[in-house]
Amino acid sequence: MAGTLSFEQLKSQVAEGGVDTVLVCLVDMQGRLMGKRFHAANFVEHSHAETHCCNYLLATDLEMATPDGYASTSWQAGYGDYVMRPDLSTIRPMPWLEGTAMVLCDILDHHTHAPVPHDPRAVLKRQIARLEAMGLTAMMATELEFFLFEKSYDAIRASGFRDLAPISGYNEDYHILQTTKEEGIMRPLRNHLHAAGVPVENTKGEAETGQEELNIRYAPALDCADHHSIAKHAVKEIAWQQGHAASFLPKWAADKVGSSSHVHQSLWQGDTPAFHDADDALGMSQLMKHYMAGLIAYAPDYTFFLAPYVNSYKRFAKGTFAPTKTVWSVDNRTAGFRLCGDGTKGVRVECRIGGSDINPYLAQAAMLAAGIKGIEDKLELAPPTKGDVYEDAAAADIPQTLRAATETLRSSAMLRAAMGDDVVDHYTRCAEWEQEEFDRAVTDWEIARGFERA
Ligand code: ADP
């Protein structure tokens, strides 16, 4: 059976010589795998208990900068260490890398060994624990959309990110012929992930040249986020191995559709789907209605966690399948929230707001917090919207810019109560820094527009 490895299984594979390297990884604020490559012998003998990393890893950006303004660490505080404690239930092979296994870590304070509250895995675990206290579990699925490019990352970087030819010449939505041409990347991706215990459902061509979608079977929220991070990492590594590049930038060209990460959500009571009520016209339980009302009411509060960069907001455009409105609908792809599987035990809500750049731990945690609040306050769900929601003037908008989403995050009493002030302040600073860095940049657009004519 393909899947994760027990520690004992890893030990025997190391003893037999099948595994010589263990990647010991945390998931950073940007959702990336960061960590160290251990010699497998050292890992099984010593480092499986814990290792260390510099604490700036959870206070940095995509460029590995050292921004000021974080309470958790700074130059003044000396950028000390965190403990990385391997979660031994996440050991798995990485079959696309020779002789390599991996493990995900929880991040602990160096001195007290208490969980670091803004560690993305800790942020999600906190909301999962709140649900558990209510006798509920969350089953989630995050879809991964991305673009494949003809050239490699290095060749594209050397071209100043100009040489961006997608791997296909036409819109490949559901296209079997075109996606056959991409099987050099996509087939190993499906098979290697399956062997790594990531329950791949399918891949398909998406609605743009070179655009792909990877679907993974729904799982308990923490597993779902782990699957997402590992799958995203695998997409990049396998594309690189084949001399190509894969990008999860939500919008890499103004005239092309962006990439999203839709999140399917349902709550369960043991094996019983708590969102299902056979007597309801759409099969939705009262619990589901309250949860969805919370998701909708608090969408502006958590938009940052679905759209964490300046670029994320370029995706929200009319007529592109990327939603701009905080309303729900029945199987209608123009609304922010879509009811799927209505009338069946698989009834669930799909949030369509998130971009391909989400951190899946933070996005799920924020949505669970909103849903829990809806349940606690018994929020009333408005009737579904119909038709083209883009043209519905009465429907509320999500924040339109990172600047706006930073303020709705900062002032969210709901998220402060659910996640803690320290966590909300930490990610507010993260959002501010991203905007500050952008504001310092001189863009190609400004130069082309003003160089001669200004
Ligand atoms: P779509 O028409 O959106 O592609 P799919 O049937 O392919 O719908 O399902 C999309 C995702 O929803 C899949 O990843 C699937 O595993 C997930 N999913 C199915 N049932 C549930 C559920 N009850 N809760 C959460 N996710 C689910």
Side-chain angles (χ1 to χ4, degrees), residues 124 127-128 131 136-146 172-176 179 186 189-190 193-194 197-208 211-232 234-235 257 259-278 280 282-285 287-289 291-292 295 320-323 328-356 358 360-361 363-365 367-368 370-372 375 384:
L124 179 54
Q127 301 312 312
I128 292 172
L131 275 178
L136 296 165
T137 26
M139 298 297 275
M140 313 285 257
T142 51
E143 300 174 7
L144 288 93
E145 290 180 0
F146 55 93
E172 58 183 279
D173 204 16
Y174 296 95
H175 227 273
I176 296 298
T179 52
M186 301 307 285
L189 176 68
R190 291 189 304 273
L193 284 176
H194 175 80
V198 175
V200 170
E201 287 185 341
N202 57 60
T203 59
K204 64 178 274 292
E206 256 298 328
E208 207 22 290
Q211 196 178 24
E212 318 285 332
E213 175 174 314
L214 167 64
N215 285 303
I216 299 170
R217 189 173 161 74
Y218 65 97
L222 187 65
D223 291 342
C224 167
D226 288 350
H227 294 159
H228 181 115
S229 313
I230 293 163
K232 182 173 175 183
V235 167
V257 165
S259 293
S260 25
S261 182
H262 302 154
V263 184
H264 291 253
Q265 312 171 37
S266 61
L267 298 183
W268 294 64
Q269 236 158 359
D271 292 336
T272 310
F275 273 8
H276 185 231
D277 178 353
D280 181 76
L282 293 168
M284 299 166 70
S285 68
L287 184 91
M288 178 175 196
K289 291 177 187 174
Y291 181 92
M292 277 180 71
L295 273 187
T320 62
F321 290 112
W328 74 285
S329 66
V330 184
D331 201 11
N332 175 337
R333 287 187 162 81
T334 66
F337 301 90
R338 181 169 72 116
L339 183 72
C340 298
D342 48 299
T344 72
K345 289 191 167 160
V347 65
R348 60 191 182 273
V349 55
E350 176 196 41
C351 172
R352 299 177 56 80
I353 300 171
S356 47
I358 58 166
Y361 301 86
Q364 289 187 52
M367 287 192 279
L368 288 174
I372 291 171
I375 295 170

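Read the numbers this way: they start at 1 and go in the same order the structure lists the ligands and their atoms. Worth saying up front: this structure is predicted, and the values here are computed from it rather than measured.
Between the side chains of Tyr291 and Gln265, at least one donor N or O lies within less than 3.5 Å of an accepting N or O. For the residue pair Thr203 and Arg190, a side-chain donor N or O sits within less than 3.5 Å of a side-chain acceptor on the partner.
A salt bridge between Glu206 and Lys204 is present, with a side-chain N of the basic residue lying under 4.0 Å from a carboxylate O of the acidic one.
Near Met139, with a cut-off below 4.0 Å to any heavy atom, the atoms of ligand 1 are 24 (N), 25 (C). Near Arg217, meaning under 4.0 Å from one of its heavy atoms, ligand 1 places the atoms 16 (O).
Nearest-heavy-atom check against atom 15 (C) of ligand 1 across Met140, Glu201, His264 picks out Glu201. Remark: among candidates Arg348, Glu350, Glu143, the nearest residue to atom 9 (O) of ligand 1 is Arg348, based on non-hydrogen atoms.
Panel note: side chain Ser285, backbone Ala274; a donor-acceptor pair is recorded below 3.5 Å. Glu208 places a side-chain N or O within 3.5 Å of a backbone atom of Val257 that can act as its donor or acceptor partner.
Neither the backbone nor the side chain of His276 comes within 4.0 Å of ligand 1, counting heavy atoms alone. Under 4.0 Å from ligand 1, not a single heavy atom of His262 appears.
Not close to ligand 1: Asn215, with no non-hydrogen atom less than 4.0 angstrom away. Using a 4.0 Å cutoff on heavy atoms, Arg338 counts as a contact of ligand 1.
At the top of the distance list for atom 17 (C) of ligand 1, counting protein heavy atoms only, stands Ala141 CB, 3.6 Å. The single protein non-hydrogen atom nearest to atom 24 (N) of ligand 1 is Ser266 OG, 2.7 Å, given as residue, atom name and distance. Nearest non-hydrogen protein atom to atom 26 (N) of ligand 1 is Tyr218 CB, 3.3 Å. For atom 14 (O) of ligand 1, the nearest non-hydrogen atom of the protein is Ile216 O, 2.9 Å.
Phe337 pairs by the ring-ring contact (aromatic ring centres under 6.0 Å, His included) definition with nothing, not counting sequence neighbours. With sequence neighbours excluded, no residue satisfies ring-ring contact (aromatic ring centres under 6.0 Å, His included) with His264.
Nearest heavy-atom pair across His228 and Ser261 is CE1-OG, 3.4 Å.
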